[in-house]
2 protein chains.
Amino acid sequence: MKQITKYVIKNSLKRIFLYRACLVRLRMMGVERVFSYTLGNETGVTPDQVRKDFSEFSIKGNKRGGYEIDELLSTMESIFHRNKDHNIVLVGMGNMGQSLSKYSRFVQRNMNIVATFDIDPFKQKMRSDIPVYTMNRLKEIIDRFKVKVAIVAVPEISAQEVTDELIRHGIKGIINFAPVLLKVPPEIVVNNVNLSDELESVIYYVHNLLKADGQKNIEYYTRL
Amino acid sequence: MKQITKYVIKNSLKRIFLYRACLVRLRMMGVERVFSYTLGNETGVTPDQVRKDFSEFSIKGNKRGGYEIDELLSTMESIFHRNKDHNIVLVGMGNMGQSLSKYSRFVQRNMNIVATFDIDPFKQKMRSDIPVYTMNRLKEIIDRFKVKVAIVAVPEISAQEVTDELIRHGIKGIINFAPVLLKVPPEIVVNNVNLSDELESVIYYVHNLLKADGQKNIEYYTRL
DNA sequence: CGTATTTTGTGATTTGTTTCACATCAAAAT
DNA sequence: ATTTTGATGTGAAACAAATCACAAAATACG
Ligand SMILES: NC(=O)c1ccc[n+]([C@@H]2O[C@H](COP(=O)([O-])OP(=O)(O)OC[C@H]3O[C@@H](n4cnc5c(N)ncnc54)[C@H](O)[C@@H]3O)[C@@H](O)[C@H]2O)c1
Ligand SMILES: NC(=O)c1ccc[n+]([C@@H]2O[C@H](COP(=O)([O-])OP(=O)(O)OC[C@H]3O[C@@H](n4cnc5c(N)ncnc54)[C@H](O)[C@@H]3O)[C@@H](O)[C@H]2O)c1
């Protein structure tokens, strides 16, 4: 009973990510507390929106005193389940897969790629920090590391087949870089990232903005 | 007068990309015409929404006869300015930059990376199809190839500085892979792609869906 | 040729999101 | 201790997006 259940990250959640990144930076700069005004200014969001977003996630501040950054960050950590580590597998060690496997920021955020998989024996011989396995070890690794989330970085043609296999072995969430809409059962979370579309949309907006020349941006964009 | 003007791709435009990819596939399979119902089914969108989207972009079909795929595709091509080529520059030939520079699908969609740039002399010596230049040739290349759009794939710390330089030399649109909100004048289009956030949001949704277990998806997601 | 059928295109309605406005509280000032 | 000030938190209002519903148009069929 596979079906297309596309989802996009809710804007309010995207903004929470934004706030967090900003808070981490401010904290490193020695700042201890923020107001919705400060945070809004820093992230290009109105203070009202910041407070509404916090309200949605039941994040509380101190009347008049604003928000204590450390407290805010630890509240966010528990919202995002960042207190514990998350094991991830990556399928497809081509250009994209290799690049992602080396990306240190995932680890910094407690997202560990514990193993990668590829059908190409040459890729399997690659020396790398993270092991590259054949597909037949998929189940073993997913079970051993209690992996719930996978990165799909295989060619378009193989993406659905790989996805089916991942789900069969217990994967619940997928971030997919292949330019296809994966069909999955409704309880599976899929985030389709299509970089060609992202780039092309920039071109589209550049052209239309140049024509429109100025204030009518709203017609073409949606604010985050 | 730099400021934060974040924009996200409008959902209706995202869906148009979706329709197009689907239409290309159907066309290759020999299908000649579609109905909003077919297309919706194929992309997980309601037929009403398909027609509303087409209406927004003034795409017309034939009452009763549906849409002729070829006609639809060529209308879309002109909407997306795909009739002409688009020259792009890429700054930062690290893991991500190299991967993107090899991505053939950009070229397939008439988006040509004409040159790449890096401060690292080692990267400049790299043999690759696309030339790697020092930053001081940026202006020359941008002018020569009439480049309007750039890909930023440098570390977080350098992203703003590189962006400023790109804009100074006439770039109007940027897709940014560094996890920072770039500050740009309001007439510049920026698409900030943050892959850590995308991955983390999958984890977030997986956890919350598992808890919610079933139909209340709507609470956590926004449909595309 | 006219009637039934099917699908588009778009106002009207509903649903969702952002902005506004202000009561509420906590701290600072007097 | 009381007033003033300044920020939060959240209903209400305004705005935006998605769904519904149906008239209009094109085709099929008797
Ligand atoms: N390269 C990029 O910058 C880029 C950008 C955006 C999207 N993408 C998408 O990401 C995906 C990967 O792109 P790439 O450039 O890394 O391609 P690639 O060809 O370099 O790598 C694909 C890898 O997947 C492996 N593979 C193929 N079928 C497999 C299967 N059934 N099971 C396991 N592994 C399999 C191949 O052996 C290869 O190593 C593609 O869908 C592409 O469209 C790539
Ligand atoms: N690697 C990934 O998979 C990945 C994923 C998501 C986001 N990103 C982001 O993309 C960016 C690049 O990541 P990466 O992994 O390729 O890093 P990297 O360190 O491999 O590459 C960065 C490149 O930028 C060059 N550079 C640095 N400063 C520069 C400057 N001022 N001008 C020109 N070039 C400069 C460096 O010489 C290097 O070649 C980072 O911001 C990173 O956070 C990377």
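Just so you know, these numbers use all the heavy atoms, side chains as well, and skip hydrogens, waters and symmetry mates. Labels below follow one simple rule: chain letters A, B, ... track the order of the sequence lines, proteins then strands, and each chain is numbered from 1.
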Could you check how far [atom1] of [X] sits from [atom2] of [N], rounded to whole Å?
| X | N | atom1 | atom2 | result |
| --- | --- | --- | --- | --- |
| Leu72(A) | dA7(D) | CG | P | 16 Å |
| Arg33(B) | dA26(D) | CZ | P | 13 Å |
| Glu68(B) | dT7(C) | CD | P | 17 Å |
| Glu56(B) | dA16(D) | CD | C1' | 11 Å |
| Tyr67(A) | dC25(C) | OH | P | 16 Å |
| Gln49(B) | dT15(C) | CD | P | 16 Å |
| Asp48(B) | dC22(D) | CG | C1' | 12 Å |
| Asn11(B) | dT17(C) | CG | C1' | 12 Å |

Asp197(B) vs Lys14(A), salt bridge (charged side-chain N to carboxylate O under 4.0 Å, His left out): CA-CA, chis, key distance, verdict: CA-CA 8 Å; Asp197(B) 287 358; Lys14(A) 272 203 189 168; over 6 Å; no
Arg20(B)/Glu77(B) ion pair, N-O < 4.0 Å: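 A salt bridge is absent here (no side-chain N lies under 4.0 Å from a carboxylate O).
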Given [options], identify the nucleotide with an atom nearest to the side chain of [X].
| X | options | value |
| --- | --- | --- |
| Thr46(A) | dT19(D), dA18(D), dT19(C) | dT19(C) |
| Arg64(B) | dT10(C), dA28(D), dT8(D) | dA28(D) |
| Arg51(B) | dG9(C), dT18(C), dA17(D) | dG9(C) |
| Lys63(A) | dA7(D), dT17(C), dG9(C) | dA7(D) |
| Phe35(A) | dA7(D), dT19(D), dT8(C) | dA7(D) |

Which is true for [X] with a 4.0 Å heavy-atom rule: it touches a base, it touches only sugar-phosphate, or it touches nothing?
| X | value |
| --- | --- |
| Gly65(B) | nothing |
| Phe54(A) | nothing |
| Lys60(A) | sugar-phosphate |
| Asn62(B) | sugar-phosphate |
| Tyr37(A) | nothing |

Base of dG16(C) paired with side chain of Lys10(A) (donor-acceptor, under 3.5 Å):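 No pair found.
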5' priority, DNA chain C, between Asp53(A) and Ser55(B) [closest heavy atom]: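 Its nucleotide being nearer the 5' end, the pick is Ser55(B).
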Pairwise side-chain contact, Arg109(A) with Glu200(B), heavy-atom cut-off 4.5 Å (strictly under):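 In contact.
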Sole candidate of Arg51(B), Gln49(B), Lys52(B) that passes side chain to side chain donor-acceptor pair (under 3.5 Å) when paired with Ser36(B):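 Exactly one candidate clears the test, Arg51(B).
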Whether Phe17(B) and Phe80(B) hold their rings parallel, tilted or perpendicular, with breakpoints at 30° and 60°: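 It falls in the parallel class, under 30°.
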